[in-house]
Amino acid sequence: MNLKFGTGGLRATMGPGPDHLNLETIQEATLGVAAYAKEQSDNPSAAIAYDSRNHSEEFAREAARVLALKGCRAYIYPKLTPTPALSFAVRHLKCTVGICVTASHNPREYNGYKVYGSDGCQVTSEAADRIQKHIWDADRSEADDARSFEDFLEEGRIVFIDEKTIKAFLAAIIRKRTKKALTSDLKVVYTPLYGAGLTCVTSILKYIGVKNLQIVAEQAKPNGDFPTCPYPNPEDPKALELGIRWCEKTDADLLIATDPDSDRLGVVAKKNGKYERLNGNQVGILLLEYVLRSRQEAGTMPERPLVIRTIVSTSMTDRIAEHYGAEVIQTLTGFKWIGSEIGRLEKAGEADRYVFGFEESCGYLPGSYVRDKDGVGAAMLICELADTCKAQGKTLWDALDDLYKTYGHYETGLKTYEFTGDEADRRMSRIREGLQSPEGMKFAGSKVVRYKDYKDGIDGIPASNVLQLWMEDGSQAQIRPSGTEPKIKVYTERVLKG
């Protein structure tokens, strides 16, 4: 296998050969994970989930078979399941590791293989290095065995995860409700974008009292070809076009969308009579302020409340948190870092301090019940907030304007530069090298007056290929390569008022 195993596991196009995801590369990766799990426990076990992508179920079952073959008991969801439910299952079932077969929001040609530690968080870089070494040391012939998935299922070495675990996952989300009942006739359109979110999201919304819920029929059933949205990413406006048409037909108040593994949430609401998408930062600050305000009003705010955001997410977070007396921790990009911080709080007996965390790429988590972003829990909260707004004769956009009036209008942007061909990594490296000493350079017409380079780690944040810039006009920017695709991402922010 030529694929590099990292903290996000594997992600690649599907196809034959060592450079793609297929049964052979899944077997090799699983041999490495099994060896790692046996290092961690004398009685190793794994939880496994998968999404709606082509071959996801096949890959997940083969991973379970190889784990069982190598002496690791495998618990597998019997049907496609959201990624946050996998993170939950790892801890709920006290497993050594977890595996989720998903490529999240990538185009249809991709699939992926995420690995989680016993804490329910994606593996650390040290663990990823250990797994990579075990993959290199493994001989794929070790996976050759006449016994099938069904044989190991009959023996009890593979076990289907029962409904009790999913119910426990949903119950953990419901405990994060901010109101006992909805107070308006909120009209919601939901699209799972052909993915794993349909059952969990609709169950939660019906439980909290969303009576007028429409499902985008064309995108409801699982389909790894994603025929109406080749790029099934709720950050992409094109993926939401069909849902918006449903909103226009039904005069809905809100469109919500989850990606194929249902860990991200996209949101569209009316603005001056038209439906417009709120970006990840806008949804993040709306949910953050709503959670903090609700908990303060209910008297459930913990002592020394804590909010966690990634360094590329809006700094408006800090203004809102300060207003409510909450501390803010910043992490590297990727929800595994937020999950790791929650894990540290738990070890210190302070998990209750955690109130909310988010990253600008539509990832949100309202509690410590999982260690990954959760589109299901975020869907519940955004509907509660939209209901509160509607009862006051407002929309989510009105609520956002109210926050801007109070804290200042933080305008954020993201530009992505994609590289193709064999020279992609080298070209990206040359660009990054040219920015090693950016002070005095001009960025978007304004001189760079201060910068942070995270290549060696800084401010308690581990080393990473991220550059942060502050400009003379008060704007700021972060520059980083994507962790999963040959792209450089540039995040910008400026305060327009306040």
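Remember, it's a predicted structure, so these values are computed and weren't measured experimentally. Along the sequence shown, residues carry numbers from 1.
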### Task
For the pair Ile382 and Tyr364, evaluate side chain to side chain contact (heavy atoms under 4.5 Å, CB included) and give the outcome as yes or no after the intermediate values.
CA-CA 11 Å; Ile382 201 67; Tyr364 319 99; over 6 Å; no
### Query
Would Arg147 and Asp145 count as a salt bridge (charged side-chain N to carboxylate O under 4.0 Å, His left out) if you check the C-alpha gap in whole Å, the side-chain angles of each, and the deciding distance to 0.1 Å?
CA-CA 5 Å; Arg147 286 171 291 179; Asp145 193 282; 2.9 Å; yes
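- A 6.0 Å sphere centred on CZ of Phe160 holds more than 12 heavy atoms belonging to other residues, nucleotides or ligands.
- Not one N or O on the side chain of Thr314 forms a donor-acceptor pair closer than 3.5 Å with the backbone of Thr317.
- His92 meets the ring pair (Phe, Tyr, Trp, His ring centres under 6.0 Å) test with Phe88; sequence neighbours excluded.
- At least one side-chain heavy atom of Thr30 sits less than 4.5 Å from a side-chain heavy atom of Tyr113.
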Listing, residues 46-53 side-chain donor-acceptor contacts under 3.5 Å, not counting sequence neighbours, or none:
from: Tyr50; atom 1: OH; to: Pro78; atom 2: O; distance (Å): 3.3
from: Asp51; atom 1: OD1; to: Arg53; atom 2: N; distance (Å): 3.1
from: Asp51; atom 1: OD1; to: Ser56; atom 2: OG; distance (Å): 2.9
from: Asp51; atom 1: OD2; to: Thr102; atom 2: OG1; distance (Å): 2.7
from: Ser52; atom 1: OG; to: Tyr194; atom 2: O; distance (Å): 2.8
from: Arg53; atom 1: NH1; to: Asn106; atom 2: O; distance (Å): 3.2
from: Arg53; atom 1: NH1; to: Pro107; atom 2: O; distance (Å): 3.0
from: Arg53; atom 1: NH1; to: Tyr110; atom 2: O; distance (Å): 3.2
from: Arg53; atom 1: NH2; to: Ser104; atom 2: O; distance (Å): 3.0
from: Arg53; atom 1: NH2; to: Asn106; atom 2: O; distance (Å): 2.5

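- Atom OH of residue Tyr354 and atom CG of residue Leu345 lie 9.5 Å apart, to the nearest 0.5 angstrom.
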### Query
So Gln219 and Cys229, side chain to side chain contact (heavy atoms under 4.5 Å, CB included) or not? Walk me through it.
CA-CA 9 Å; Gln219 299 174 337; Cys229 57; 4.2 Å; yes
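- With Thr492 contributing its side chain and Ala477 its backbone, the two residues share no donor-acceptor pair below 3.5 Å.
- A donor-acceptor pair under 3.5 Å is absent between the side-chain atoms of Asp259 and the main chain of Leu193, judged by distance alone.
- A donor-acceptor pair under 3.5 Å is absent between the side-chain atoms of Glu341 and the main chain of Ile329, judged by distance alone.
- A donor and an acceptor atom, one from each side chain of Asp372 and Thr83, are nowhere located under 3.5 Å apart.
- A 4.5 Å side-chain heavy-atom check between Ile99 and Leu67 finds at least one atom pair inside the cut-off.
- The aromatic rings of Phe59 and His55 sit parallel, their planes meeting at an angle under 30°, below the 60° perpendicular limit.
- The closest side-chain donor-acceptor pair between Thr178 and Glu384 falls under 3.5 angstrom.
- Within the 4.5 Å cutoff, side-chain heavy atoms of Val328 are placed close to those of Arg309.
- The two residues Ala239 and Asn233 have their closest heavy-atom pair at CB-O, 3.5 Å.
- Counted within 6.0 Å of CG on Asn43, heavy atoms from surrounding residues, nucleotides or ligands total 12 or fewer; the atom is thus considered open.
- In this structure, the side chains of Val312 and Leu414 stay at 4.5 Å or more apart for every pair of heavy atoms.
- The closest donor-acceptor contact from the side chain of Arg264 to the backbone of Cys362 lies at 3.5 Å or more, if one exists at all.
- A donor-acceptor distance shorter than 3.5 angstrom exists from the side chain of Asn22 to the backbone of Gly15, with no hydrogens or angles considered.
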### Task
Apply side chain to side chain contact (heavy atoms under 4.5 Å, CB included) to the pair Leu31 and Ile135, showing each step before the final yes or no.
CA-CA 6 Å; Leu31 288 170; Ile135 292 171; over 6 Å; no
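- A distance of 11.0 Å separates CZ in Phe169 from OG in Ser203, rounded to the nearest 0.5 Å.
- Considering only heavy atoms from C-beta on, Asp374 comes within 4.5 Å of Ile173 through its side chain.
- When Val188, Leu240, Leu255, Leu242 are each tested for a side chain to side chain contact (heavy atoms under 4.5 Å, CB included) with Cys247, only one passes: Leu255.
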### Query
Going through the distances and angles, do Glu235 and Ser361 end up as a side-chain hydrogen bond (donor to acceptor under 3.5 Å, both in side chains)?
CA-CA 7 Å; Glu235 293 179 272; Ser361 56; 4.9 Å; no
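- Note that CD1 of Ile26 is 15.0 Å distant from CZ of Arg61, once rounded to the nearest 0.5 Å.
- Listed by first then second residue, pairs satisfying salt bridge (Lys or Arg N to Asp or Glu O under 4.0 Å) with a partner in residues 67-96 read Lys70-Glu142, Arg91-Glu346, not counting sequence neighbours.
- Heavy-atom contacts from other residues, nucleotides or ligands closer than 6.0 Å to CG of Asp236 number more than 12.
- Heavy atoms only, all atoms of each residue included: Asp318 and Gln330 are closest at OD2-NE2, 4.2 Å.
- Looking at Thr191, its side chain never comes within 3.5 Å of a backbone N or O of Ala257 through a donor-acceptor pair.
- Of the possible donor and acceptor atoms, none in the side chain of Arg65 sits under 3.5 Å from a partner among the backbone N and O of Phe149.
- Judged purely by distance below 3.5 Å, without hydrogens or angles, the side chains of Thr165 and Tyr77 never pair a donor atom with an acceptor atom.
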### Task
Give the C-alpha distance, both sets of side-chain angles, the deciding distance and a yes or no for side chain to side chain contact (heavy atoms under 4.5 Å, CB included) between Ser45 and Leu93.
CA-CA 9 Å; Ser45 61; Leu93 300 174; over 6 Å; no
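- Put simply, the side chain of Gln132 gets close to the backbone of Phe5: a donor and an acceptor are under 3.5 Å apart.
- Among the candidates Lys336, Arg371, Lys114, the single residue satisfying the salt bridge (charged side-chain N to carboxylate O under 4.0 Å, His left out) test with Asp263 is Lys114.
- When side chains are defined from C-beta on, Leu365 does not count as touching Lys373, because their heavy atoms never get closer than 4.5 Å.
- The shortest heavy-atom contact between Glu359 and Phe335 is OE1-N, 3.5 Å.
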### Message
For a side-chain hydrogen bond (donor to acceptor under 3.5 Å, both in side chains) check, start with the C-alpha distance between Thr228 and Glu218, then their side-chain angles and the critical distance, and finish with the verdict.
### Response
CA-CA 8 Å; Thr228 63; Glu218 298 92 330; over 6 Å; no
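- Surrounding CD of Glu154 are at most 12 heavy atoms belonging to other residues, nucleotides or ligands under 6.0 Å away.
- Across Pro462 and Trp337, no two heavy atoms sit closer than the pair CG-CZ3, 3.8 Å.
- To the nearest 0.5 Å, atom CD of residue Gln478 and atom CD of residue Gln468 are 4.5 Å apart.
- Between Asn54 and Asn111, the side chains place no donor N or O within less than 3.5 Å of an acceptor N or O (distance only, hydrogens not considered).
- For the atom pair OH (Tyr231) and CZ (Arg108), the distance works out to 13.5 Å, reported to the nearest 0.5 Å.
- In this structure, the side chains of Ile479 and Tyr417 stay at 4.5 Å or more apart for every pair of heavy atoms.
- When side chains are defined from C-beta on, Phe358 counts as touching Asn281, because their heavy atoms get closer than 4.5 Å.
- Interatomic distance, Tyr190 OH to Leu205 CG, rounded to the nearest 0.5 Å: 8.5 Å.
- A donor-acceptor pair is defined here as one N or O able to donate and one able to accept, closer than 3.5 Å; no such pair exists between the side chain of Ser41 and the backbone of Lys38.
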